[in-house]
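Below is one structure, written out as structure tokens; comments come after it.
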Amino acid sequence: MIIHNTLGQRDEVFKEINKNRINIFVCGPTVQDDFHIGHARTNIFFDVIVKFLRARGYSVFYLQNITDIDDKIIRRAKDENKSPGEIAEYYYNEYLRLMNILRVNSVTYYARATLYIKEIISQIRRMINKGYAYETSDGVYFNVRKFKDYGKLSNQNLNEIIENARGVINEDKKHPEDFALWKKMKPGEPYWESPWGKGRPGWHIEDTAITETFFGYEYDIHGGGSDLIFPHHEAEIAQMRSISNRKYLARYWIHTGMVNVNKEKMSKSLKNYIKIKDILKDYSPEVLRFALINSNYNTSIEYSLELMNQSRESVDKINTIYNKLKSINSDNGSFDINYDAYINSFNNIMENNFDTRRLITELLEFVGVLNKNYENISYNTAQKALKILDYLNSFLDILYGSKKINTDIIDSLILIRNELRKNKFYDLSDLIRKSLQDAGIYIEDNGDKTIWYAKD
RNA sequence: GGAUAGGUGGCAGAGAGGUCAUGCGUGGGACUGCAGAUCCCAUUUACUUGGGUUCAAAUCCCAACCUAUCCUCCA
């Protein structure tokens, strides 16, 4: 399996630390506001690859943090006259709700930052003891200049980082590029007790505290949006490695590209973001998943209505053939497919840096082959094709869920409808078709044979 | 200014020295009572610019231009 590793910027053969086990950590959101398509992209992508890795036999521990304390949460709480805890709780639940709808259900454990204060303090203390961190009047900071590999992930050298640093400088903070590990409480802010007085953790420290708790010093894969490479992931590496003295925090770093609107990154400040909950009013979760994985994960996606509409057509197409295959019950038909060849080919594509776009291209070609030969497919072949589609769906999750349907009733309605058609009572036959369609049952007349399938 | 990723037909997007990917859109056709779904044909000399290497270059080299992202919080 090949993974493009941000660390080193090259394709590498994947080798797990412990045989057949993979520990993966992906940066989760700050639970402070509604979630947008950018969040969806990253989470759907990692959902797909974790499901794929599991399908390939790996035991995967997928860990994600939830930032439930941070400046923005505090500000938001003030604006809305609520407590930061209330804001965090609300958006945390909203996040889980949306992820569930989007079928992002591969995460083994969501770790909330505020539940790991003890571990955070322990890490900061070790950094201070080793001389990597120092206390000031308003917090504890990491001394970036002490960690020589700072900048290695984002391929910048330390001197340039120091030159370009735009970080906030205050009185006794040593350098602008130093980042906060602990922020001392200001009046009215939430706090936890620490050796440095009341306060709260900085942003970067929660992730290493959480990953150390579950995975130890090192783990296999770290993921996140590409906007987190610097400084967030750089900071994580500096923190953990300064404590562990190891060569790595994570062996492989995978970063997802941004979702753009009008060629600009979707972001709060530009007010150009599309909320997940809004897009779900017009498009199904399956269509959104498809739209977001139908591209190379590390390039940016241009969001547009056209993208969504095209995705819907493709998803419909895949679902239609899937449902039509299910209705095949004849033994006639000479067309055959090579199950193993297809599965191997699809696996190879995924194992080449999770090339979901190419996978979808091949999947649509497979659908095309099935359509071309549809009249010539026997029950056995149909079952093989369905098995292939089910396999792909086990990690793509783009097939509409099938409802519980009383097939006998539909069959008899179709029988009646065909009698009406034979006698040219088209108004009535069309009415039956229309009302079935309203109930999500689609009918197709192919000569003397009528097939039906359900669609959400 | 530095780092990263790019600039391919109406649009989206593969390809990485020589056989015009593919999808969408558009036009036409087949099938159908109509519809739907599906299929077939057409839309064939696209690769930012300027140099160079080569028998041959989107593809390699050099230069330039342009775009996005990061360098402050961000998935």
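All values reported here derive from a predicted model rather than from experimental measurement. Note on naming: letters A, B, ... go to the chains in the order of the sequence lines (proteins, then strands), and numbering restarts at 1 for each one.
- When distances are taken from the side chain of A/Asn164 to each of B/A14, B/G2, B/C11, the shortest belongs to B/G2.
- Atom CG in A/Asn352 sits roughly 11 Å away from atom P in B/A16 (whole-Å rounding).
- Going from atom CG of A/Asn309 over to atom P of B/U26 covers 12 Å, rounded to whole Å.
- Regarding contacts with the backbone of B/C40, a side-chain N or O of A/Lys372 is found under 4.0 angstrom from either OP1 or OP2.
- For the pair A/Leu359 CG and B/G13 P, the computed distance is 18 Å after rounding to whole Å.
- The side chain of A/Asn298 contributes no N or O atom lying less than 4.0 Å from OP1 or OP2 of B/U4.
- Classified by its glycosidic torsion, B/A63 falls in the anti category, the angle being over 90° from 0.
- Between the side chain of A/Asn423 and the base of B/G33 there is no donor-acceptor pair of N/O atoms closer than 3.5 Å.
- Here the closest non-hydrogen pair linking A/His39 and A/Pro29 is CD2-CB, 4.2 Å.
- Projected onto RNA chain B by closest heavy-atom contact, A/Tyr453 and A/Ser267 fall at different nucleotides, the more 5' of which corresponds to A/Tyr453.
- Contact between A/Ser429 and A/Arg417 at its shortest, heavy atoms only, is O-NE, 3.0 Å.
- Spacing between B/C20 and B/A63 at atom P, rounded to whole Å, works out to 33 Å.
- Minimum interatomic distance between A/Val261 and A/Asn272 (heavy atoms only, all atoms of both residues): CG2-O, 3.3 Å.
- The phosphate of B/U4 (OP1 or OP2) has a side-chain N or O of A/Asn155 nearer than 4.0 angstrom.
- Of the charged side-chain nitrogens involved, none lies within less than 4.0 Å of a carboxylate oxygen, so that A/Asp70 and A/Lys183 do not count as a salt-bridged pair.
- Between A/Lys72 atom NZ and B/A75 atom C1' there is a gap of 11 Å when expressed in whole angstrom units.
- The pairing partner recorded for B/A5 is B/U67, the criterion being a Watson-Crick or G-U wobble arrangement whose two distances lie under 3.5 angstrom.
- For A/Gln310, taking side-chain heavy atoms from C-beta onward, the closest of the listed nucleotides B/U69, B/C73, B/G23 is B/G23.
- Here the separation of B/U8 from B/U49, taken at their P atoms, is 10 Å to the nearest Å.
- Counting only heavy atoms from C-beta on, A/Asn371 has its side chain closest to B/U38 among B/A75, B/U38, B/A14.
- Rounded to an integer number of Å, the gap from CG of A/Asp316 to P of B/C24 is 13 Å.
- A 3.5 Å limit on both hydrogen-bonding distances identifies B/C11 as the Watson-Crick or G-U partner of B/G23.
- A straight line from CD1 of A/Ile321 to P of B/C39 spans 8 Å, rounded to a whole angstrom.
- A cation-pi arrangement is present between A/Lys174 and A/Tyr134 under the rule of less than 6.0 angstrom and at most 45 degrees off the ring axis.
- Listed pair A/Lys422 / B/G33 fails the phosphate criterion, with no side-chain N or O lying under 4.0 Å from OP1 or OP2.
- Counting atom types as modelled, A/Glu444 pairs a side-chain N or O with a base atom of B/G36 as donor and acceptor under 3.5 Å.
- Stacking here means ring centres nearer than 5.5 Å and ring planes tilted less than 30 degrees, and by that measure A/Phe230 does not stack onto B/A3.
- Under 3.5 Å, the side chain of A/Arg433 and the base of B/C34 form at least one donor-acceptor pair of N or O atoms.
- Residue A/Asp430 has its side chain nearest to B/C34 when only B/C39, B/A75, B/C34 are considered.
- Regarding A/Met258, its CE atom lies at a distance of 16 Å from the P atom of B/A68, rounded to whole Å.
- No contact: A/Arg10 has no heavy atom under 4.0 Å from any strand.
- Among the protein residues, A/Ile37 comes within range of no part of the nucleic acid, since none of its heavy atoms lies under 4.0 Å from any strand.
- Annotation: cation-pi geometry not satisfied between A/Arg421 and A/Tyr426 (NZ/CZ under 6.0 angstrom from ring centroid, within 45° of ring axis).
- Computed from coordinates, the A/Tyr442 OH to B/U38 C1' distance equals 17 Å when rounded to whole Å.
- Remark: B/G33 base-pairs with no nucleotide in the shown strands. Criterion, Watson-Crick or G-U wobble with two distances under 3.5 Å.
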